[in-house]
**Q** 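The structure is given below, and queries will be raised subsequently.
Whatever order the structure lists ligands and atoms in, that order sets their numbers, starting from 1. Starting from 1, each residue takes its place in the sequence as its number.
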Amino acid sequence: MSLPRIHPVTTNSWKKLQQHFEQIEGQSMFDWFCAHPERAEELSLSWDDFYLDYSKNRVTSETLSLLIELAKEVKLDEAISALFSAEKINETENKAVQHTALRDFDAMPDGVAKTLKRIKDFSDGVIKGEWKGVSGKQITDIVNIGIGGSDLGPQMVCDALRFYNSGLKVHFVSNVDGDHVMDKLRELKRDQTLFIVVSKSFSTQETLRNANTIREWFLGSMPESAMSNHFVAVSANEKAVVEFGIKEENIYPMWEWVGGRFSLWGAAGLSIACSIGYNNFEQLLRGAFAMDRHFRSAEFVQNMPVLLGLLSVWYNNFFNCESECIVPYSEYLKKLVPYLQQASMESNGKRTDRNGDVLNYDSGSIVWGSTGTNAQHAFFQLLHQGTRLVPADFICFKQSLHGNTEHQQILLANCFAQSEALLTGTQDSKVENSYQQFEGNKPSNTLLIDKLTPKSLGSLIAMYEHKIFVQGVIWNIYSFDQWGVELGKKIAKSTLKAIMEKDPNRSKNSSTAALIKKSV
Ligand code: F6P
């Protein structure tokens with residue numbers, strides 16, 4: 001079973017959507033709301049403890065039917081079945097795509113279940129102080145060394161769920177910036193720190209450099225034998241890990257059939273399990289699993305990831321929006337946007353379709369954003385009065401975690417007010433001049449979740465994973481490879497050689513050569 005290969009622009013529904021777009025492009029959502037008081041009720045969806053209000057979008061019931069027709073024409077249903085099969089749908093890398101198997105509590109592969117048990121034992125041991133440092137003291141700090149998918153997911157989740165922290169301090173070192181590494185090491189005691197090197201390939205330049213620097217620092221006053229108490233690895237490349245000096249029993253697997261940016265659900269989530277405890281880690285997985293079931297079984301019209309994916313295609317390909325903005329109204333979700341940038345842009349930033357042809361329509365939108373209300377005092381000016389149309393996702397929670405009602409009410413009021421202002425603009429209010437005019441009619445989704453818990457966060461992440469998949473299916477691209485990062489990595493190797501050998505002329509490009517010359 002492979003993914004269908006249907007050129008979206010050649011479908012009937014795409015043509016109908018184009019005509020329909022021309023009819024409704026100039027219409028006002030505000031007028032639709034006035035004419036149809038049930039709009040919010042009709043264009044909203046409740047699932048579990050999520051409430052998605054997508055009524056503030058430039059869509060009518062006809063738009064939605066046509067978008068769903070498009071999903072059917074490109075055989076999204078077959079694609080979803082293929083995603084949940086063990087088939088090699090990542091055809092350009094000849095790999096299966098099975099991150100959902102890491103959280104499939106109904107049919108978990110043996111290796112995955114065994115690894116979960118090891119994650120439990122390891123994290124329990126470290127949290128309870130049974131896993132000791134070489135001097136016999138308890139571990140107080142965990143450092144995750146990895147980059148990209150081996151960093152962004154675990155880091156975002158640890159930060160988002162720090163309310164549920166087990167007591168262990170968890171740090172992240174990703175950038176090859178030595179100043180950051182040295183800065184971090186200053187905070188740590190060798191005999192009470194555990195380093196987790198996460199790298200699927202165990203060949204990523206940044207991770208290996210950082211891991212080597214940290215190992216040298218550690219061995220500065222510790223014997224080689226102490227490595228086994230203080231270094232563990234998560235990788236698919238056991239041989240390279242052993243050569244690095246980490247014992248086999250301290251190696252946790254990463255599977256070939258799980259892409260780096262989807263790896264937090266498995267052993268790459270070791271730092272998460274240490275940070276919030278295994279039970280909470282399992283709740284995170286169970287939340288994602290619940291979303292997987294929703295995605296597989298709900299009718300498209302009631303399917304959150306499907307609707308979000310279709311709306312995004314609508315703006316990207318018909319309104320020609322270049323970007324979409326994500327604004328969580330919770331400081332706990334500060335790192336959600338960088339995480340989603342990799343999830344979305346590494347997946348869908350592609351220009352060749354599944355037939356090998358260059359796209360003649362746009363794919364992956366640019367994802368950006370920040371937390372509200374801070375973002376309101378930064379870039380919201382452009383959302384309200386700029387020349388570009390930027391659809392926004394507002395994410396908020398009914399309850400705060402620490403129970404401060406006044407703050408939560410202000411936070412929610414701001415969140416709801418912003419989407420309303422984007423919708424209405426300055427309809428009735430008197431404005432003195434065009435500088436004070438808000439044209440309104442700017443689209444947004446609002447996702448209201450009961451509470452930020454491990455489970456709801458798991459569902460939220462899986463919702464976006466599947467939204468991204470839906471977009472990729474419609475755009476007829478391969479969403480699970482990332483060839484686009486390779487060229488820069490290759491050039492960095494020869495550039496490094498030129499810098500180390502102080503030989504700028506190694507670079508064939510006069511600009512790079514001049515930069516090297518100036519820097520050495
Ligand atoms: O930058 C590309 C990439 O391959 C990502 O997809 C991946 O998450 C990251 O590098 C890290 O790779 P690794 O886990 O092999 O070190």
**Q** Check whether the side chains of Asn317 and Trp475 place a donor and an acceptor atom closer than 3.5 Å, and report yes or no.
**A** yes

**Q** For the residue pair Ser312 / Gln471, report whether a side-chain donor-acceptor contact shorter than 3.5 Å exists.
**A** yes

**Q** Would you check if the distance from the ring center of Phe480 to the ring center of Phe262 is below 6.0 Å?
**A** yes

**Q** Mind checking whether His230 and Phe195 have ring centres under 6.0 Å apart?
**A** no

**Q** Find all protein N or O atoms under 3.5 angstrom from an N or O atom of ligand 1 and list the pairs with distances, or write 'none'.
**A**
| residue | atom | partner | partner atom | Å |
| --- | --- | --- | --- | --- |
| ligand 1 | 6 (O) | Glu346 | OE1 | 2.7 |
| ligand 1 | 8 (O) | Gly149 | N | 2.7 |
| ligand 1 | 8 (O) | Gln342 | NE2 | 3.4 |
| ligand 1 | 14 (O) | Ser150 | OG | 2.7 |
| ligand 1 | 14 (O) | Lys200 | N | 2.8 |
| ligand 1 | 15 (O) | Lys200 | N | 3.4 |
| ligand 1 | 15 (O) | Ser201 | N | 2.9 |
| ligand 1 | 15 (O) | Ser201 | OG | 2.6 |
| ligand 1 | 15 (O) | Thr204 | OG1 | 3.4 |
| ligand 1 | 16 (O) | Ser199 | OG | 2.6 |
| ligand 1 | 16 (O) | Thr204 | OG1 | 2.5 |

**Q** Which of these passes side-chain contact (heavy atoms from CB on, under 4.5 Å) with Ile326: Leu340, Leu447, Leu333?
**A** Leu340

**Q** Is the distance between the ring centroids of Tyr332 and Phe397 under 6.0 Å?
**A** no

